[in-house]
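Since the structure is predicted, the reported quantities are computational estimates derived from the model, not experimental observations.
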Amino acid sequence: MSEKQPFLTDIKTLRERARNHIEQGAVTAGYAADRETVLKLLNEALATEIVCTLRYKRHYYMADGLNAKIAADEFLEHAQQEQQHADWLAERIVQLGGAPNFSPEGLQSRSHAEYVEGETLKEMVKEDLIAERIAIDSYREIATYLGDKDPTTRRIMEEILAQEEEHADDMAAILEAL
């Protein structure tokens, strides 16, 4: 007597599917998202993270004044985390059979956030907060779009989103203190 598994494809079918199109690596027949759209969104997010890394790095080196030490430490930590996000995104792009776009040409136009230098410490913090708010909204929309069509990419975006929300809280607190 065999038990029915209404939610799981039978093992024989799974094995057959796994042998078909092995050149597609992690992308199986069960992948439900529009891969080209997902790759485009991930490359835009990658550009956003690169721009944010560069902006935070500049702000780290340019921060000066009485309140600069606390802000500079946050800028450096955020730059490192933004770089980690870029690495996660690039890795996922490759898993999905795409190519991560690290080209400096067109980086600003691919990025959701802008690269605004800011003259004063307060302006730098304000620009970082604005960029974080842009990332929060766009990454939330990407995660919602992905839904359960690509749960792995959605989880990556949600993890990044959670850190971007922390960054925004940090910048808002520093801005309030300035």
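Minimum interatomic distance between Asp170 and Glu74 (heavy atoms only, all atoms of both residues): OD2-OE1, 3.0 Å. The two residues Ala63 and Leu121 come nearest to each other via the heavy atoms CB-CD1, 3.9 Å. When all heavy atoms of Ala168 and Glu132 are compared, the closest pair comes out as CB-CB, 3.9 Å. The nearest pair of heavy atoms linking Glu117 to Tyr115 is CG-CE2, 3.5 Å. Heavy atoms only, all atoms of each residue included: Asp150 and Ala33 are closest at CB-CB, 4.1 Å. For the residue pair Ala113 and Cys52, the shortest heavy atom distance occurs at CB-SG, 4.0 Å.
A donor-acceptor distance shorter than 3.5 angstrom exists from the side chain of Arg55 to the backbone of Glu114, with no hydrogens or angles considered. Side chain of Asn43 to backbone of Asn101: a donor-acceptor contact under 3.5 angstrom is found. Arg110 places a side-chain N or O within donor-acceptor distance of the main-chain N or O of Glu105, the cut-off being under 3.5 Å. Listed for the Arg154 side chain is a donor-acceptor partner under 3.5 Å among the backbone atoms of Gly147. Of the possible donor and acceptor atoms, one in the side chain of Arg35 sits under 3.5 Å from a partner among the backbone N and O of Leu96. Counting only distance, with no hydrogens or angles, the side chain of His59 and the backbone of Ala72 share no donor-acceptor pair below 3.5 Å. In this structure, the side chain of Ser138 engages the main chain of Ile134 through a donor-acceptor pair within 3.5 Å.
To the nearest 0.5 Å, atom CG of residue Leu89 and atom OG1 of residue Thr48 are 9.0 Å apart. Distance check: Arg92 CZ to Leu46 CG gives 14.5 Å after rounding to the nearest 0.5 Å. With rounding to the nearest 0.5 angstrom, the CG atom of Leu178 is 11.5 Å from the CD atom of Glu123. For the atom pair Glu44 CD and Leu39 CG, the distance stands at 11.5 Å (nearest 0.5 Å). Atom CD in Glu127 sits 12.5 Å away from atom CE in Met171 (nearest 0.5 Å). The line from CG of Leu42 to CD1 of Ile156 is 7.5 Å long, rounded to the nearest 0.5 Å.
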Give the C-alpha distance, both sets of side-chain angles, the deciding distance and a yes or no for side-chain contact (heavy atoms from CB on, under 4.5 Å) between Glu166 and Asp169.
CA-CA 5 Å; Glu166 289 175 26; Asp169 280 348; 5.6 Å; no
Arg140 vs Glu165, test: side-chain contact (heavy atoms from CB on, under 4.5 Å). Steps then yes/no.
CA-CA 11 Å; Arg140 186 179 295 121; Glu165 289 173 344; 3.2 Å; yes
Trace of the side-chain hydrogen bond (donor to acceptor under 3.5 Å, both in side chains) decision for Glu164 with His167
CA-CA 5 Å; Glu164 303 301 8; His167 293 175; 3.2 Å; yes
Where do Lys40 and Glu36 land on the salt bridge (charged side-chain N to carboxylate O under 4.0 Å, His left out) test, with the steps shown first?
CA-CA 6 Å; Lys40 178 184 178 295; Glu36 291 309 310; over 6 Å; no
Could you give me the CA-CA distance, side-chain angles and deciding distance for Asp34 and Tyr145, then say whether side-chain contact (heavy atoms from CB on, under 4.5 Å) is met?
CA-CA 10 Å; Asp34 176 348; Tyr145 165 77; 3.9 Å; yes
side-chain contact (heavy atoms from CB on, under 4.5 Å) for Glu77 and Asp73? Distances and angles first, verdict last.
CA-CA 6 Å; Glu77 180 184 335; Asp73 289 347; over 6 Å; no
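Grouping the Ile, Leu, Val, Met, Phe, Trp and Tyr side chains by contacts below 4.5 angstrom, directly or via other members, places Leu161 apart from Tyr56. Using a 4.5 Å cut-off between side-chain heavy atoms of Ile, Leu, Val, Met, Phe, Trp and Tyr, with links allowed through other members, Leu129 and Leu54 fall into different hydrophobic clusters. Hydrophobic cluster membership is shared by Ile50 and Met157, with clusters built from Ile, Leu, Val, Met, Phe, Trp and Tyr side chains linked at under 4.5 angstrom. Linking Ile, Leu, Val, Met, Phe, Trp and Tyr whenever their side-chain heavy atoms come within less than 4.5 Å leaves Met124 and Ile130 in two separate clusters.
Residues passing the ring-ring contact (aromatic ring centres under 6.0 Å, His included) test with His85, sequence neighbours excluded: Trp88.
A heavy-atom distance below 4.5 Å is found between the side chains of Val94 and Pro100. Taking 4.5 Å as the limit, some side-chain heavy atom of Glu49 sits within range of a side-chain heavy atom of Ile160. Contact annotation: the side chain of Ile174 never approaches that of Phe75 to less than 4.5 Å [non-hydrogen atoms, C-beta and beyond].
By the neighbour-count criterion of 12 heavy atoms within 6.0 Å, atom CZ of Phe102 is densely surrounded, having more than that number from other residues, nucleotides or ligands.
Between His112 and Tyr139, the ring-plane angle classifies as tilted under the 30° and 60° cut-offs.
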